[in-house]
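Single-structure report; data block below.
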Amino acid sequence: MIREGVAEVLKKLLDTDDIPFNIPPQRELGDFSSAICLSLAKQKKRSPMKIAQELVELLRLRRPAYIQEMNISSPGYLNFKVDWGGLAKEIIPRVLKEGEFFEKPDSRLGEKVFIEHTSVNPNKAMHIGHLRNSVLGDTIARILKWNGFSIEVCNYIDDTGLQVVEVVTALLYLDPPYYQEGSDFSEIWEKAPADQPFDYFCWELYARFQNETEKNPSLLAKRETVLHQIEGGIHPIAGFAKELATRIVRSHLDTVAQLSIFYHLLNWESDIIARGFWEATFELLKEKGTLRFETEGPNEGCWVVPFGGVVETSEGMKSLDKILVRSNGSVTYTGKDIAYQLWKFGLLKKDFLYKRWGLQTDGEMLWTTARDGEPGDRLSKKFGHADRVINVIDTRQSYPQQVVVESLRKMGFEKEANQSIHLAYEVVNLSPLSARILGMEENGEKKAYAMSGRSGAGVKAKDFIQMVKQKVIEKADHPLEESVASALASAAIRYYLLKFTLESQIVFDFDEALKTTGDTGIYLEYAHARACSILRKAKEQKIEPEWRDDCIPDPLTGTEIGLLDALSRFSSTVIKISKTLRASQLTEYAFDLATSFTHFYEHPDPEADVQTPFIHLQDKGLQTFRLSLVKAFQIVMGNTLNLMGMPTLERI
RNA sequence: GCGCCUGUAGCUCAGAUGGACAGAGCUACGGACUUCUAAUCCGUGGGUCGGGGGUUCGAAUCCCUCCAGGCGCGCCA
């Protein structure tokens, strides 16, 4: 609010886009400053001090909002002192009045952002690495929605991939009774024990299958058969696989719902195949001249997108070109992904059929693509046809994602290619200690151990949620209600998974992840609940302050100013993140906001020997001001927590 | 071999567009609860920002190079 006002005036005066701001070394110089004159000195061929002097003169005439005083310091810094009283007069009543809509941008009708996240293979339980994906995607969706975009969140279900095939094969043929052609699968389903979650059962089964194939290669032949039966879509095993995947998807949805993560649509790969997306894409690719059929070389007999031909590497000759259709005629994952990306933008003349999956715990309907669904044009809502597409996928898939985007570009869909965003993040690994706790083999040198569904190595998401909940209960100094413990666990986990930058690999360590003090989601919840408690106590004592502009003290104390400053940075922070898509910038802000409040709470009068609780203040004007500031904090903190998908507890 | 990412305090990490003496949490040590919530707060200690060059009035930030680590370069997904 403050800096933006100054920046606006400076931009007009200087005809520049970028106005950098920073904090001066001494508080006496100003509340913030800019080194813009230093960087302009060269191009204007004048001394920075001269430019600064002139600018200050001009700025005094324009009077940017909330600026009390300006000065310059050597070698040419512009320093600004904020009129904190003036800011308080503007911001506090506005927060109180606007509540959850405080600083919310107008909706940008017509701008639709499609976000795909989670997309876990439906053949085993989720682990904490998958959670990072879901939490990132969900948070970005919330932030973009707040910024006025129309959003559609989708979870892609790869139900025809090898991973599902292997679990199906394992369930049918690893242990007796084995599947007999024509049987109704009831005996097969009974193999899953009733006292264990189905996704956990499959987690172990999948890992076991990997081991068993080494001893018993005939299983690989079985796998091959099952693969074709599922791909064909007609054999009863295809139906069985779909049912298995469906059960796992339910488990996944149940898992992420514990962290308040919901979707609009489930997209099944089997439907992409069944609805002929690939055939349409294949025609389009050929029509646009994007594809090449190889008649010689290592890719002989394949349809490829050229990306640099054949090169020599230390491992021999390799092709940089991307194969979309194998020599046996089958389509690769990247091929299907291009088709899917085209659909997301509404560039494909094919569509899914849709039906309702069910109501989610947030009260919203979840839709799914389905063979027996309705055509999209008969629905009240329209899926796909996005202006921008964000795919939340870990960084290991950067190359194939790039291929998808460049293929769109080669097809002439330049605009759509530019609006295709791969939100890449580093994976979650395990610390040596965590790996040891999980019973993984360590080689004693590595700093991080990759989780692996194949070997069954990893911290399962639901286990982790339960552990954090247990820890929260242990660490509390009073008994916690069940719902409060769950809410705190959810907040702690989301915060932990969001606070790292996208490029930062999370080396998961139980001690670190289970922390309940300091820079954690618990701290944020505690600050919010504390504000609620103050307001509740005040109400109980019949103190219900009515805001008046003349209640603003002069001068304000340092901690009051710190809190006002944090409140004023809310909107610019959220707007910035809608561009950078970096959720860690929101946790950073949230922690700063909570810290500012806690400091204000602990030391409202930092210079005084005694700190008087707000509800005991004799000065009713001051009491009104401080309680209003508490209320304003509680609202903005609540809004911030909502954007991160974290609960807003009124008491802990 | 080529490409991408990372290296900041004992540990885990922030430092968008280059700005004034580099920040936080944890840990260690010393303090503060008859009080609006101590899952908190205050204080102390702790750093040649991987090394070396360069650009610049100014570099953790940009360029080059070297070192160390991770990932990718499948007719897997």
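Quick note: numbers below take in every heavy atom, side chains included, and nothing from hydrogens, waters or symmetry partners. Numbers restart at 1 for each chain; the letters A, B, ... are given by sequence-line order, proteins then strands.
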Identify the residue among Ile493(A), Val468(A), Ile522(A) that makes a side-chain contact (heavy atoms from CB on, under 4.5 Å) with Leu488(A).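 Result: among Ile493(A), Val468(A), Ile522(A), Ile522(A) is the only option passing the side-chain contact (heavy atoms from CB on, under 4.5 Å) with Leu488(A).
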
For [X], which contact category applies under a 4.0 Å heavy-atom criterion: base, sugar-phosphate, or nothing?
{"X": "Ile652(A)", "value": "base"}
{"X": "Lys447(A)", "value": "nothing"}
{"X": "Asp394(A)", "value": "nothing"}
{"X": "Glu426(A)", "value": "nothing"}
{"X": "Ala531(A)", "value": "nothing"}
{"X": "Ala529(A)", "value": "base"}
{"X": "Arg536(A)", "value": "nothing"}
{"X": "Glu512(A)", "value": "sugar-phosphate"}
{"X": "Val472(A)", "value": "base"}
{"X": "His478(A)", "value": "nothing"}
{"X": "Leu480(A)", "value": "base"}
{"X": "Tyr523(A)", "value": "sugar-phosphate"}
{"X": "Thr334(A)", "value": "nothing"}
{"X": "Glu300(A)", "value": "base"}

Sticking with atom [atom1], work out how far [N] lies from [M], rounded to a whole angstrom.
{"N": "G23(B)", "M": "C63(B)", "atom1": "C1'", "answer": "27 Å"}
{"N": "C64(B)", "M": "C41(B)", "atom1": "P", "answer": "43 Å"}
{"N": "G10(B)", "M": "G45(B)", "atom1": "P", "answer": "15 Å"}
{"N": "A22(B)", "M": "C66(B)", "atom1": "P", "answer": "31 Å"}
{"N": "C13(B)", "M": "G7(B)", "atom1": "C1'", "answer": "13 Å"}
{"N": "C73(B)", "M": "U61(B)", "atom1": "P", "answer": "31 Å"}
{"N": "C49(B)", "M": "C62(B)", "atom1": "C1'", "answer": "16 Å"}
{"N": "G3(B)", "M": "C26(B)", "atom1": "P", "answer": "42 Å"}

Does a distance-only test, which skips hydrogens and angles, find a donor-acceptor pair under 3.5 Å between the side chain of [X] and the base of [N]?
{"X": "Ser533(A)", "N": "C36(B)", "value": "no"}
{"X": "Asn79(A)", "N": "A20(B)", "value": "yes"}
{"X": "Tyr526(A)", "N": "U37(B)", "value": "yes"}
{"X": "Ser33(A)", "N": "A20(B)", "value": "yes"}
{"X": "Asn22(A)", "N": "A20(B)", "value": "yes"}
{"X": "Ser73(A)", "N": "A20(B)", "value": "yes"}

Judged by each residue's nearest nucleotide on RNA chain B, which is more toward the 5′ side, Glu503(A) or Thr517(A)?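 By nearest-heavy-atom nucleotide position, the 5'-most residue is Glu503(A).
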
When the nearest nucleotide of RNA chain B is assigned to Leu535(A) and to Gln397(A) on a heavy-atom basis, which residue is associated with the more 5' position?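 Mapping each residue to its closest nucleotide by heavy atoms, the 5'-most match is Leu535(A).
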
Identify which nucleotide among [options] has an atom closest to any side-chain atom of [X], counting heavy atoms from C-beta outward.
{"X": "Thr501(A)", "options": "A14(B), U40(B), A24(B)", "result": "A14(B)"}
{"X": "Arg651(A)", "options": "C26(B), U37(B), C75(B)", "result": "U37(B)"}
{"X": "Tyr399(A)", "options": "A77(B), C41(B), C73(B)", "result": "C73(B)"}
{"X": "Thr516(A)", "options": "G15(B), A39(B), G25(B)", "result": "A39(B)"}
{"X": "Asp158(A)", "options": "A77(B), U37(B), U12(B)", "result": "A77(B)"}
{"X": "Ala476(A)", "options": "A14(B), A39(B), U35(B)", "result": "A39(B)"}
{"X": "Leu29(A)", "options": "A20(B), G15(B), A77(B)", "result": "A20(B)"}

Does a donor on one side chain and an acceptor on the other come within less than 3.5 Å for Gln53(A) and Lys50(A)?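 Note: Gln53(A) and Lys50(A) side chains miss the donor-acceptor criterion.
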
If we ignore angles and hydrogens, is there a donor and acceptor under 3.5 Å between the side chains of Arg569(A) and Ser572(A)?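 Judged by distance alone, the side chains do not pair up.
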
From [atom1] of [X] over to [atom2] of [N], roughly how many Å is that when rounded to an integer?
{"X": "Leu38(A)", "N": "G19(B)", "atom1": "CG", "atom2": "P", "result": "12 Å"}
{"X": "Asp519(A)", "N": "A39(B)", "atom1": "CG", "atom2": "C1'", "result": "14 Å"}
{"X": "Gln634(A)", "N": "U37(B)", "atom1": "CD", "atom2": "P", "result": "14 Å"}
{"X": "Gln585(A)", "N": "A14(B)", "atom1": "CD", "atom2": "P", "result": "11 Å"}
{"X": "Arg569(A)", "N": "A16(B)", "atom1": "CZ", "atom2": "P", "result": "14 Å"}
{"X": "Tyr425(A)", "N": "C13(B)", "atom1": "OH", "atom2": "C1'", "result": "20 Å"}
{"X": "Met451(A)", "N": "C71(B)", "atom1": "CE", "atom2": "P", "result": "14 Å"}
{"X": "Glu269(A)", "N": "A77(B)", "atom1": "CD", "atom2": "C1'", "result": "8 Å"}

Going by the angle between their ring planes, with limits at 30° and 60°, are [X] and [Y] parallel, tilted or perpendicular?
{"X": "His130(A)", "Y": "His127(A)", "result": "parallel"}
{"X": "Phe597(A)", "Y": "Phe633(A)", "result": "parallel"}
{"X": "Phe508(A)", "Y": "Phe464(A)", "result": "perpendicular"}

Hunt down any stem RNA chain B takes part in, defined as 3 or more consecutive Watson-Crick or G-U pairs whose two distances are each under 3.5 Å.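 Ordered by first number, the stems with RNA chain B (at least 3 consecutive pairs each) read B:1-7 with B:67-73, B:10-13 with B:23-26, B:28-32 with B:40-44, B:50-54 with B:62-66.
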
Does any N or O in the side chain of Lys81(A) come within less than 3.5 Å of the main-chain N or O of Glu28(A), such that one atom is a donor and the other an acceptor?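 Yes, the answer is positive, given that a donor and an acceptor are paired below the 3.5 Å cut-off.
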
Can a donor-acceptor pair be found, under 3.5 Å and without considering hydrogens, that links the side chain of Thr557(A) to the backbone of Pro604(A)?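 Answer holds: yes.
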
Under 4.0 Å between a side-chain N/O of His599(A) and OP1 or OP2 of U40(B), yes or no?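 No.
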
Would you say U37(B) has OP1 or OP2 under 4.0 Å from some side-chain N or O of Lys537(A)?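 Looking at the OP1 and OP2 atoms of U37(B), one of them is under 4.0 Å from a side-chain N or O of Lys537(A).
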
Does A20(B) have Tyr77(A) stacked on its base, where the ring centres are within less than 5.5 Å and the planes differ by under 30°?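 Tyr77(A) vs A20(B): stacking yes.
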
Taking the six-membered ring of Tyr425(A) as reference, does the cationic atom of Arg132(A) (NZ for Lys, CZ for Arg) lie under 6.0 Å from its centre and within 45° of its axis?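 Here Arg132(A) fails the 6.0 Å and 45° test against Tyr425(A).
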
May I ask you to say whether [X] pairs ionically with [Y], meaning some side-chain N is under 4.0 Å from a carboxylate O?
{"X": "Asp619(A)", "Y": "Arg626(A)", "result": "no"}
{"X": "Glu4(A)", "Y": "Lys11(A)", "result": "no"}
{"X": "Arg3(A)", "Y": "Asp31(A)", "result": "no"}

